[in-house]
Amino acid sequence: MQKKLLLLTSVISLILLSALLFYLLNEQTRIGNAKETMADEIKKEQIDRKIEDFTEKWFRFAEEIKVADDNSDFSVFVSFMPEVGSLPIKQEIFQNVAYHALQISYFFPEVNYFSYHVLWDVWDSDQEDFHQQVVITLAINEDAIKDLEKNYYNAIIAQKAGFEPEFNKAFTSVIETDVAKDWLNIVQ
């Protein structure tokens, strides 16, 4: 009887020890995954903050800055009023926006999409007042980001050589309203 009791106690002890080891190994894995997840979240927050800070400094009249992330892919959305002297020049706006995207893509290759809304105060005759309206929408997708540096610097070279730069080639899409179509296109 004592041998059976000793054997039963040994089996129960072995089962409990196995269960305890299984729990501890799972807990270690869970803690490791939690640390990894927390590190990823901190990295995402740092990327968001740095992009937002840079964008606020680059576009003094930024209205909205949003960094969206899907796993390790980031998208940057910006709406801003351009800084202008007497009349906005589209190629200067395109140059500033392309340079902004280029700088972010250098430091954060995780960004695979950019979207910009250029705002402008437009007269509303019904309300007899000015209101902000999106007049240019610019987008740069993942494929265009790969060629962004080349397209940007080709436009700079053309500008330095006295030719009309084509900074708009840096973008996947450029959508202009009638208001923006009246703006100057050449850089003086």
Side-chain angles (χ1 to χ4, degrees), residues 1-81 93-119 132 134 136-156 167-175:
M1 178 76 177
Q2 248 181 352
K3 284 185 177 182
K4 286 184 179 181
L5 188 57
L6 183 61
L7 182 63
L8 183 63
T9 308
S10 297
V11 169
I12 291 174
S13 296
L14 187 60
I15 291 172
L16 288 174
L17 182 62
S18 298
L20 180 63
L21 285 174
F22 180 74
Y23 173 77
L24 289 175
L25 288 176
N26 273 347
E27 189 63 25
Q28 286 287 50
T29 304
R30 216 179 339 223
I31 289 171
N33 289 342
K35 285 181 182 177
E36 219 174 269
T37 302
M38 188 180 295
D40 288 345
E41 287 300 316
I42 290 171
K43 180 182 176 186
K44 287 178 183 179
E45 286 177 21
Q46 287 178 334
I47 290 172
D48 290 358
R49 192 172 334 111
K50 287 180 181 179
I51 290 173
E52 288 172 4
D53 289 346
F54 174 71
T55 302
E56 285 175 357
K57 289 179 177 122
W58 188 255
F59 298 112
R60 283 187 348 160
F61 303 115
E63 293 291 321
E64 182 179 6
I65 304 164
K66 181 179 172 192
V67 180
D69 61 88
D70 181 26
N71 295 327
S72 61
D73 294 332
F74 289 81
S75 299
V76 176
F77 302 93
V78 179
S79 63
F80 69 96
M81 292 277 293
I93 294 169
F94 296 160
Q95 179 180 1
N96 287 334
V97 171
Y99 188 77
H100 175 264
L102 184 62
Q103 294 306 304
I104 289 176
S105 67
Y106 282 155
F107 293 104
F108 301 108
E110 302 90 348
V111 176
N112 63 358
Y113 184 78
F114 293 93
S115 178
Y116 297 89
H117 289 162
V118 180
L119 306 172
Q132 282 188 347
V134 175
I136 301 175
T137 302
L138 305 166
I140 307 173
N141 68 12
E142 191 170 6
D143 292 332
I145 290 172
K146 293 174 187 169
D147 295 330
L148 182 58
E149 182 177 29
K150 177 186 76 167
N151 288 331
Y152 177 80
Y153 285 110
N154 282 344
I156 291 290
F167 289 103
N168 54 326
K169 287 187 175 181
F171 302 98
T172 307
S173 73
V174 176
I175 301 170

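What you see is a predicted model; the values in this text were computed from it and never measured.
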Using 0.5 Å steps for rounding, measure from the [atom1] atom of [X] to the [atom2] atom of [Y].
X	Y	atom1	atom2	answer
D53	D48	CG	CG	10.5 Å
I156	Q95	CD1	CD	4.5 Å
I51	R49	CD1	CZ	12.0 Å
L138	S115	CG	OG	8.0 Å
N141	S75	CG	OG	10.5 Å
F77	F114	CZ	CZ	11.0 Å

Next on the checklist: For the residue pair Y99 / Q103, report whether a side-chain donor-acceptor contact shorter than 3.5 Å exists.
Outcome noted: yes
Side chain proximity check, [X] to [Y], heavy atoms < 4.5 angstrom:
X	Y	answer
I15	S18	no
T55	F80	no
L119	V134	yes
W58	N96	yes
V76	F108	no

Checklist entry - Should the ring pair H100 and F59 be called parallel, tilted or perpendicular, given that the plane angle runs from 0 to 90° and is split at 30 and 60? => result tilted
Checklist entry - At their closest point, which heavy atom of I140 faces which heavy atom of A144, and how far apart are they? => result CG2-CB, 3.7 Å
Checklist outcome for this item: Tightest non-hydrogen contact, residues F171 and A98, listed as CZ-N, 3.8 Å
Next on the checklist: For the CZ atom on F107, are there more than 12 heavy atoms of other groups (residues, nucleotides or ligands in this structure) within a distance under 6.0 Å?
Outcome noted: no
Identify each donor-acceptor pair in which a side-chain atom of residues 146-155 lies under 3.5 Å from a protein atom, sequence neighbours left out, and give them as a table.
unit_1: E149; atom_1: OE2; unit_2: Y106; atom_2: OH; d: 2.8
unit_1: N151; atom_1: ND2; unit_2: D147; atom_2: O; d: 3.3
unit_1: N151; atom_1: ND2; unit_2: K169; atom_2: O; d: 3.4
unit_1: N154; atom_1: ND2; unit_2: K150; atom_2: O; d: 3.3

Checklist entry - Counting distance only, does the side-chain N/O of S79 pair as donor-acceptor with the main-chain N or O of H117 below 3.5 Å? => result no
